[in-house]
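Report on the following structure.
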Amino acid sequence: MKQLSIKIFVLVIPLILGLFGIHQNPSNILNVDLISDQTVYHVGDAIRIEFKAVELESPSLICRSSYGTTVLLPSEKKESLEFILPDFLVKKAGTISWQLKDGQSSLKSGKLTIIADQEINSIEVYAGPPDIVAGGEDDAMIVTIPLDLYNNPVPDTSIVTLYGQIGNDTEIDTLRVSNGIAFKRIFSPELAGRSIYSVEGTNASSKEIILNINPGLPTDFTIDFNRPHNYADGNQITRVQTSIITDAFQNIIADGTLVEFRILTKSGNKMISQATTIDGIAIAPLLHPESNDSYLVEAVIPGLAKSNTVQLEYEQAVFDIPVTFHENTKEIVAGPILSFLGQWIPDGFRVKLKIYQNDTLIKTISEQTINGRTKFMLNDLDIPEGKYTIKIEAGGLIKELKTINL
Amino acid sequence: MISTNRILLISISAIFFVTVNIAIIFGIGSLVSYLNSGADRSQMLHANIARMVEYTPSVSWDLSNQSGKRIDNQSLGNIERDYLNAWYTRHLSLLSNSVDIFGDYYTDKAKSDLIALIENNRETGVKIEATTTSHDLKFDFLSTDGHLAVFTDRRVKEFQRVFKNEDLISQSHYIGTYRIIMLLEDGFWRIRHMMLIEDSEEPAVTHAIDSSELIENIKGINYYPQASPWDTFGHAFETEIISADFDIIKNAGLNTIRVFIQYEDFGKAEINDIKMERLQRLLDKATEKNLKVILTLFDFYGDYSVLDWTRTLKHAEGIVEALKDHPAILAWDIKNEPDLDFESRGKDNVINWLKIIIKKINDLDPSKPITIGWANYKHANNLSDVLDFISFHYYGDIEKLPEIYSDMKQEHPNKAVLLEEYGLSSYQGFWRPFGDDESDQADYHKSMQTIFKKNAIPFMSWTLYDFNKIPKEVVGRLPWRKRIQQRFGFIDLNGSPKKSFEYIATNQ
């Protein structure tokens, strides 16, 4: 019995020890030595991670890189265990951390850094906003990402040069790369127009960058007018015109800016006319009134700028309305109405006929003159027979026909 | 008189006619809806691209020290959304080795770098299953026109499993730092440059709260209201019922209850406010009645896949953040009986998931002990280094319990061991004619209490009530299983204490 237990003991102990041996962390047994101790590489360099030859069952190298993880197999080489990093890994700057595996067990791990090329091969530029307002308050930014041959942002502290053509001036500026980008804030010049920029690096230039410098907000302006004559003939046009409207830096404001002309008549009526600017000037045409009047005109760009006030005087052009009543045809003829030179008033002059019965207005008819005259056919009006008073109004004058039988 | 045959004929024709008509209308309807499908305006404007709620790692931003234009919240939200989408689509691509998923979130040049790697992985049979759980972002720069952003993603916590020809060869946690340049193109923030600048494996942390004293005094019970088993916080929730039940429990000499939080029920990643409020009320009641609560999370959860992690982490965060200062909570129980999923879901998957949740909860609430309610005591050595006390469920032979318990104590000398579930069904009937009856159940509990007293075993029995209905998720649809599950209670369906009630605790 005792012998048996000794036998068992002798048999079992090595077995247990053996088991322990197998279960130990393999890295303790397999002393995998890294031959390639370089940890910093230049982008594009061939990278080999090499270990002293060891017999492994299924060696692989797990590589974590910027864009994800991949697994490499050793290259066919007898004297050492060697992994060659593929192109897409060696061409990306950044950190690669690797882990040598044999099946599931980790044997060794390490890190290496790939540094981007100092040499700039291409420059990406992003500029915006593309339109800014002149005067130095507004700004745009030019951001550049200088890239090396393999499309990596170049290392921080690299330098690019920014060239700018602003009007007739040339500007040169040195920008330092930080966090992969180099940027410059550009405040608008006083002069509207276009600024052109470009960026240059050691070996590359950027595309042309254009910033539109738009004029700023309009400033106060003046208005003036011109007209063929100053008579209130209801026919001619007075043109009210602004001076050239500019921003604070004498840049002509953008075409199409809406100017509002506000008119106050003698009788207190308010009228509005609108016009848009072309080359900084807005023109509002005003039709002459039909009777004497006085206009106060002011122009505004609502909320931003306004003009002086001008006064427009219109003299009476018509002094008399000859009226004839034809009893038998029940027809009233007003005219010839004569204008300021004694000529027939131009066609389209408004004449109003008002019919009253016992001081009550029962009908109003409005007609326009042709050849200085207007005809009213009262028979067509469909009003009962009786006595009526008729008033004819034109150019601010009133003619009255009393007790007319219709 | 119309013959029966004729009536039959008429009815058959009528039914046939109606059926044919329904079929025709249905056919026309499908055709019309088919013709109406396709691109619409909202698609053109990306208006319908919903935020991917599948991916919810925790994100924080540091906006101090930012150059360029000051970033506003709206733009920051957009950048964050598209950046996370970029990660999520990248994970999906690396998992499936497919290159047409991440289109909207990388610029063409960045895309070609990613494609090179994925194609290489596809050719060499490599598959990467990865997720990130935390991003600590430092915003560096925004251009004046708001179209170019530079930021550093510091300490990205990333878990990664590497497969070669379908064999798992590595699984590790990493902490990496990336420098990111994004461009706003076509309404999407796209990654233009992404550079890993630091990377290291995350050291495993062990959790150590000495909770022995707390746990060893537990005399408890697993609790569901009688009317709403497995649905404590549903429509039937009433504080009065909870209060009355807690009185019963307290007066029976117990000091702890175990309550279950169902993952889907509580809203997955976005915690359901109504349920949360009910849970708060339950905990308040427990405080009032001087009862402690072990909260079991993730009940009925069973996905465990790496890409689902961020959602479960967000769920855990939502619950733990809200409740960590509640005085009633004694401990967090990560999941009920996860070892039952070992076979169907893969032990690795389950263990990895449990680990990440343990870590998260430990980070959020370092002061409370964490445990897992193992179904089988043999699985209780899993993760014991990161759990503060060991919990197991035992429905086996009473005789063997003392030995099993003392073995477990020996194996984990520095940790308390809690018998978190035990019990006996008193169902004797059609499906189990020779089963245990109420007297057997009473004897069982009597013996159990003796064992507990003798061996100083902290215990939590299953369960207070007999139940009327058992949801199919618990024991399946089979009636004999359901019947048995219905009769584990100390109190029967009429509300009267069963014989076993006398032995609900030792001091009675």
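Proteins get letters first, then strands, A, B, ... in listed order; numbering begins at 1 in each.
- Contact annotation for A:Val143: only side-chain heavy atoms (C-beta onward) come within less than 4.5 Å of a heavy atom of chain B.
- Using a distance-only test at 3.5 Å, with no hydrogens or angles considered, a donor-acceptor pair links the side chain of B:Asn349 to the main chain of B:Arg345.
- Among A:Asp148, A:Leu149, A:Val154, the single residue meeting the side-chain contact (heavy atoms from CB on, under 4.5 Å) criterion with A:Asn152 is A:Asp148.
- Contacts between B:Ile118 and chain A at a heavy-atom distance below 4.5 Å are absent for every atom of the residue.
- Salt-bridge formation is not detected for the pair A:Lys108/A:Asp33: no Lys NZ or Arg NE/NH1/NH2 atom is positioned less than 4.0 Å from an Asp or Glu carboxylate oxygen.
- Interface summary for chain A: among B:Val162, B:Asp113, B:Ile197, the most heavy-atom pairs under 4.5 angstrom belong to B:Asp113.
- Note: A:Ser65 leads A:Ala127, A:Ser60, A:Pro86, A:Ser65 in heavy-atom pairs under 4.5 Å with chain B.
- If you measure heavy-atom distances from A:Phe88 to chain B, the contacts under 4.5 Å come from the side chain alone.
- Screening B:Phe159, B:Tyr55, B:Tyr105, B:Trp309 for a ring pair (Phe, Tyr, Trp, His ring centres under 6.0 Å) involving B:His91 leaves a single residue, B:Tyr55.
- Proximity to chain A is limited to the side chain of B:Ser67, based on heavy atoms less than 4.5 angstrom apart.
- Between B:Phe141 and A:Phe183, the ring center distance clears the sub-6.0 Å criterion.
- Salt bridge B:Asp82/B:Arg190: absent, no basic N to carboxylate O contact under 4.0 Å.
- A:Ile142 does not touch chain B: none of its heavy atoms, backbone or side chain, sits under 4.5 Å away.
- The main-chain N or O of A:His42 is found under 3.5 Å from a side-chain atom of A:Asp45 such that the two form a donor-acceptor pair.
- Neither the backbone nor the side chain of A:Ile96 comes within less than 4.5 Å of any heavy atom in chain B.
- Proximity to chain B (any heavy atom under 4.5 Å) is shown, for A:Asp87, by neither the backbone nor the side chain.
- With chain B as the partner, the residue from A:Glu124, A:Arg185, A:Arg64 showing the most heavy-atom pairs under 4.5 Å is A:Arg64.
- Remark: A:Arg194 CZ is loosely packed, at most 12 non-hydrogen atoms of other residues, nucleotides or ligands lying under 6.0 Å away.
- Of the atoms belonging to B:Leu117, heavy atoms from both backbone and side chain fall under 4.5 Å from chain A.
- In this structure, B:Thr152 contributes its side chain and B:Arg179 its backbone to no donor-acceptor pair below 3.5 Å.
- Among B:Ile128, B:Asp199, B:Val126, B:Val150, the residue with the largest count of heavy-atom pairs under 4.5 Å with chain A is B:Asp199.
- Heavy atoms of A:Ile186 lying under 4.5 Å from chain B are absent altogether.
- No part of B:Ala130 comes within reach of chain A, as not one of its non-hydrogen atoms sits under 4.5 angstrom from that chain.
- Among A:Gly68, A:Ser109, A:Gly94, A:Ser97, the residue making the largest number of heavy-atom pairs under 4.5 Å with chain B is A:Gly68.
- No other option in B:Leu94, B:Thr177, B:Asp140 has as many heavy-atom pairs under 4.5 Å with chain A as B:Asp140.
- Heavy-atom pairs under 4.5 Å with chain A peak, among B:Leu168, B:Asp167, B:Ile191, at B:Leu168.
- Your options are B:Arg90, B:Glu158, B:Lys127, B:His147, and the one with the most heavy-atom pairs under 4.5 Å with chain A is B:Arg90.
- Taking 4.0 Å as the cut-off between side-chain N and carboxylate O, B:Glu202 and B:Arg155 do not count as a salt-bridged pair.
- Between chain A and the options B:Gln171, B:Arg192, B:Lys164, B:Glu201, the largest number of non-hydrogen pairs under 4.5 Å is found for B:Arg192.
- Under the 3.5 Å distance criterion, the side-chain polar atoms of A:Ser75 are matched with a main-chain donor or acceptor of A:Glu82.
- Residue B:His193 touches chain A through both its backbone and its side chain, counting heavy-atom pairs closer than 4.5 Å.
- Checked against the 6.0 Å centroid threshold, B:Tyr83 and B:Trp61 do not count as a close aromatic pair.
- Proximity to chain A is limited to the backbone of B:Glu198, based on heavy atoms less than 4.5 angstrom apart.
- Geometrically, A:Lys91 does not engage A:Tyr150 in a cation-pi contact, judged by NZ or CZ lying under 6.0 Å from the ring centre and within 45° of the ring axis.
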